[in-house]
Amino acid sequence: MAAINAVTDLTVEGDIGVVTLNSPPVNALSAQVREGLKGAFEAAIADPAVQAIVLICEGKTFIAGADISEFGKAMTGPSLQDVQNTIENSPKPVVAAIHGTALGGGLEVALVAHYRVAVPSAKAGLPEVNIGLLPGAGGTQRLPRIVGVEKALEMVTSGQHVPAKAALAMGLFDSLVEEGALRDGAIAFARVVLAEGRPLAKVRHLSDKVEAARGKPEIFTEFRKANARKFRGFLAPENNIKCIEAAVNLPFDEGLKEERRLFMELMTGSQSAAQRYVFFAERQAAKIPDVPDDTPTLPIKKVGVIGAGTMGGGISMNFLNAGIPVTIIEAKQENLDRGVGIIRKNYENTAKKGRLTQDDVERRMGLLTPSMHLEDLADCDLIIEAVFELMEIKKEVFTKLDAIAKPGAILASNTSYLDIDAIAAVTRRPESVIGLHFFSPANVMRLLEIVRGEKTDKSVIATSMQIGKKIGKVAVLVGNCFGFVGNRMLAQRQREAQKLILEGAMPWDVDRVLYEFGLPMGPFAMSDLAGLDIGWDPAKTSSSTVREVLCEMDRRGQKNGRGFYDYDENRVAKPSPEVEKVILDFAEKRQIQRREISDQEILERCLYPMVNEGAKILEEGKAIRASDIDIVWINGYGWPVYRGGPMFWGELVGLDKVLAGMKAFQEKHGDDFKPSALLERLVAEGKGFKDA
Ligand code: 3H9
């Protein structure tokens, strides 16, 4: 065995040279890996004993792509294209042996091998689109030559990981070998290639699939149209599509050049920078400095959920989906039946769409135990309370739980605003109390804010982070403060939106600006969707806000076809002249001189205070890092991932500009805009949030 460098070996087994890559965690194509690969292939090609070459990886996966952490830095070592040329032009057949995930640049390396074998658990994909890029090492030119244009379009714009069986069926893999026997299987395959004198198959020479799509521009037009909503605001999907078009319309090498050009366009833009930042930020969020990875966790074998309303039902589904039994509690039989009925209906709807079998539905429902007795939670390892958002009620529930739950059980509240320490204080075990704040719809939204109380035990935090991951959430640890991270920042935006409509904008102006920024909807459309009458009490109403006036006029939102907007029978929103009049009257009564408000002002008024509040959250230590705040906003509130989250966006705009904006607004509109001390300090020191 010869070590080529610290991460690459070449061994010769009879007539086969085996190049082994071992660069944890995911064998990404760092400079060292590229250097090792090039050296190993050159050595194997030069060795007269070697007739064929196998490329295989150690560890949990084949090459998972380019090394994303190298992007944006000066390149050292051979380029990936250099490595690929060495492999593709090898006069000896090369077999890529794939396990784990062959992704991005990893699959692109496999695609220049002459053959690909894999184990049945392997997957392959070109997920660059998810980090705002496109496969920049020939992937967009080679993939459609194997799988056809339609499939290639789908793969490069979704980034999906294709399972081995499907990859074999579409010709991406040539053969599957027994699980656990990849090395021997690949060597045996290489010997068959030699014995049968099979050719040095090069994907670049395949042409029938791309020719089949030539002269059919409608394939692309229709694909763009069908996905317009999904791709809204993103630049990368369009560049990926253009590359596939180039594969169809240009000779191979010209297509490669076009791919390079479009790749660089994305690589140097802010969207990909944001999406790459989010990739690492999401992984970073799982790391808690004073709760190390080896912190003991508690086994969660049974979960209790109190409340079978929308939230309680959605929360329960997460655990049922993960195969964890749930006991769900409601006070009244009728509400319990309704809640359980909705869970079943949700599953059946998913089954109708073909995403679950009826067996799956029954298995999940079989894990659910409805009950009207809190005592039935005595054997639960984790109990989540999702009752009415009122401190007195929460305290009552936790007092009872304290008496019922077994020692060591985690007692969690799904509160979205309230003080976790005050809730914990009514129990004799505040160390077991934590906030698990799910976002509605709780079975869909990825975010889980985990709220750490003053006395919450580290094992309770570690277990909560672990269970969050198990149920498919992005868990972010936050501190205890009113509204925690997400809702506390949201309140800033909501306040400004309300002020703006009195000062001169209309709800649809504010909504349009925020929608065009990339949010799924603006604050007024969101209110209409949620219902304007949430928390509105007809007995106590006093026409003191526009929302109250609208509720008094029975404008309750989408549910009755009238809210800030008027809705037609297809729920299409139209600006409402009636609402416009309410707003104008209201402003007049308050003697507010209405004025023209620019889109830019709307954007800054709504978003700068969020960045500022984020800075306050950071300086108070309620978030561990700025990137955690961004992860909250991306996964819980639909902040466009290509803008990296409010803190990333604030830095992109320039913290000095945000600060200047806040100061100017403060002068005009008062202390709602008082800049945070941290923002002031960072700007004075020329630093960013990561230096906070
Ligand atoms: C590309 O290939 C461009 C080319 O087309 C053109 C070039 C010219 N780089 O996710 P995990 C780290 S673009 C650097 O927790 P899992 C990750 O940060 C690339 N680091 O594990 C983490 O580090 P830490 C296209 C990477 O088992 C650790 O590895 N490829 C990379 O849940 C474990 O990761 C992709 O976009 C990377 N490429 O999932 C694939 N990948 O421990 C991106 C991972 O310090 N990667 N790390 O936090 C993935 O999708 C998942 O990581 C994978 C494993 C499925 C592989």
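Both ligands and their constituent atoms are indexed starting at 1 by order of listing.
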- Got the closest protein heavy atom to atom 20 (N) of ligand 1, with its distance? Phe280 CE2, 4.1 Å
- Message: Are the side chains of Leu172 and Arg116 in contact, using a 4.5 Å heavy-atom criterion?
- Response: no
- Is the shortest N/O to N/O distance between Thr101 and ligand 1 below 3.5 Å? no
- Message: Between Arg204 and Asp253, does any side-chain N to carboxylate O distance fall below 4.0 Å?
- Response: yes
- Message: Tell me whether atom 53 (C) of ligand 1 lies less than 4.0 Å from at least one protein heavy-atom position.
- Response: no
- Has ligand 1 got any nitrogen or oxygen that is less than 3.5 angstrom from a nitrogen or oxygen of His161? no
- Message: Can you name the atoms of ligand 1, numbered from 1 with element, that are less than 4.0 Å from a heavy atom of Phe279?
- Response: 18 (O), 41 (N), 43 (C), 44 (C), 46 (N)
- Under the 4.0 Å line, does any protein heavy atom show up next to atom 32 (O) of ligand 1? no
- Which residue holds the protein heavy atom closest to atom 38 (N) of ligand 1, what is that atom called, and what is the gap in Å? Ala66 O, 2.8 Å
- Query: With only distance considered, is Pro127 within less than 3.5 Å of ligand 1 through an N or O on each side?
  - Reply: no
- So which protein heavy atom does atom 55 (C) of ligand 1 come closest to, and at what separation? Leu103 CD1, 4.0 Å
- Query: Just wondering, do Leu436 and Leu382 contact through their side chains at under 4.5 Å, heavy atoms?
  - Reply: yes
- Query: Could Lys242 and Glu259 be called an ion pair, given the rule that one side-chain N must be under 4.0 Å from one carboxylate O?
  - Reply: no
- Task: Ignoring angles and geometry beyond distance, decide whether Gly105 reaches within less than 3.5 Å of ligand 1 through its nitrogen or oxygen atoms.
- Result: yes
- Task: Check ligand 1 against Ile131 and write out every atom of the ligand that is under 4.0 Å from a heavy-atom position of the residue.
- Result: 13 (S)
- Message: Taking the six-membered ring of Phe648 as reference, does the cationic atom of Arg643 (NZ for Lys, CZ for Arg) lie under 6.0 Å from its centre and within 45° of its axis?
- Response: no
- Query: Numbering the atoms of ligand 1 from 1, which are under 4.0 Å from a heavy atom of Glu108?
  - Reply: 4 (C), 5 (O), 6 (C)
- Item | Sub-4.0 Å atoms of ligand 1 with respect to non-hydrogen atoms of Pro135 | 5 (O)
- Does the side chain of Asn27 come within less than 4.5 Å of Val33's, by heavy atoms? no
- Query: Judging by distance only, is a nitrogen or oxygen of Ala137 under 3.5 angstrom from one on ligand 1?
  - Reply: no
- Among protein heavy atoms, which sits nearest to atom 48 (O) of ligand 1, and what does the distance come to when rounded to 0.1 Å? Lys287 NZ, 2.7 Å
- Query: Looking at ligand 1, does any of its N/O atoms fall within less than 3.5 Å of an N/O of Glu128?
  - Reply: yes
- What do you reckon, does Thr61 put a non-hydrogen atom under 4.0 Å from ligand 1? no
- Message: Any atom of ligand 1 sitting under 4.0 Å from a heavy atom of Gly139?
- Response: no
- Item | Heavy-atom nearest neighbour in the protein, as seen from atom 30 (N) of ligand 1, with distance rounded to 0.1 Å | Ala64 O, 2.9 Å
- Under a 4.0 Å N-O cut-off, is there an ion pair linking Glu282 with Arg446? yes
- Do any heavy atoms of Leu133 fall under 4.0 Å from ligand 1? no
- min-distance protein heavy atom vs atom 41 (N) of ligand 1 -> Val26 CG2, 3.5 Å
- Message: One residue to check: Gln284. Relative to ligand 1, which of side chain, backbone, both or neither has a non-hydrogen atom less than 4.0 Å away?
- Response: neither
- Task: Please determine if Arg283 has a nitrogen or oxygen closer than 3.5 Å to a nitrogen or oxygen of ligand 1.
- Result: yes
- Specify whether the nearest protein heavy atom to atom 23 (O) of ligand 1 is under 4.0 angstrom away. no
- Item | N/O separation below 3.5 Å, Ile68 to ligand 1 | yes
- Query: What atoms of ligand 1 come closer than 4.0 angstrom to any heavy atom of Pro25?
  - Reply: 28 (C), 29 (O)
- of all protein heavy atoms, closest to atom 14 (C) of ligand 1 is Asp67 OD1, 3.2 Å
- Task: Going by the ring pair (Phe, Tyr, Trp, His ring centres under 6.0 Å) test, name the single residue among Phe231, Trp649, Phe517, Phe234 that passes it with Tyr642.
- Result: Phe234
- Is Arg452 salt-bridged to Asp290, cutoff N-O under 4.0 Å? yes
- Item | Lys60 touching ligand 1 at heavy-atom level, < 4.0 angstrom | yes
- Message: Please check this pair: side chain of Glu108 against backbone of Gly139, looking for a donor-acceptor N/O pair closer than 3.5 Å.
- Response: yes
- Message: Taking the basic N atoms (NZ, or NE/NH1/NH2) and the acidic carboxylate oxygens, is any pair closer than 4.0 Å for Arg142 and Glu88?
- Response: yes
- Message: Which label fits Phe439 and His437: parallel for a plane angle under 30°, tilted from 30 to 60°, or perpendicular past 60°?
- Response: tilted
- Query: Does Arg283 count as lying over the ring of Phe279, i.e. NZ or CZ under 6.0 Å from the six-ring centre, within 45 degrees of the axis?
  - Reply: yes
- Message: Checking Arg276 against Ser272: is there a side-chain donor and acceptor pair closer than 3.5 Å?
- Response: yes
- Query: Is the shortest distance from atom 45 (O) of ligand 1 to a protein heavy atom below 4.0 Å?
  - Reply: yes
- Charged N-O contact under 4.0 Å between Arg224 and Glu245: yes
- Message: Closer than 4.0 angstrom, basic N to acidic O: yes or no for Lys73 and Glu70?
- Response: no
- Looking at ligand 1, does any of its N/O atoms fall within less than 3.5 Å of an N/O of Gly136? yes
- Message: Go through it in stages, so that I can follow the logic: the residues are Val18 and Leu10, the test is side-chain contact (heavy atoms from CB on, under 4.5 Å), and I'd like the CA-CA distance, side-chain angles, deciding distance and then a yes or no.
- Response: CA-CA 6 Å; Val18 180; Leu10 171 64; 5.8 Å; no
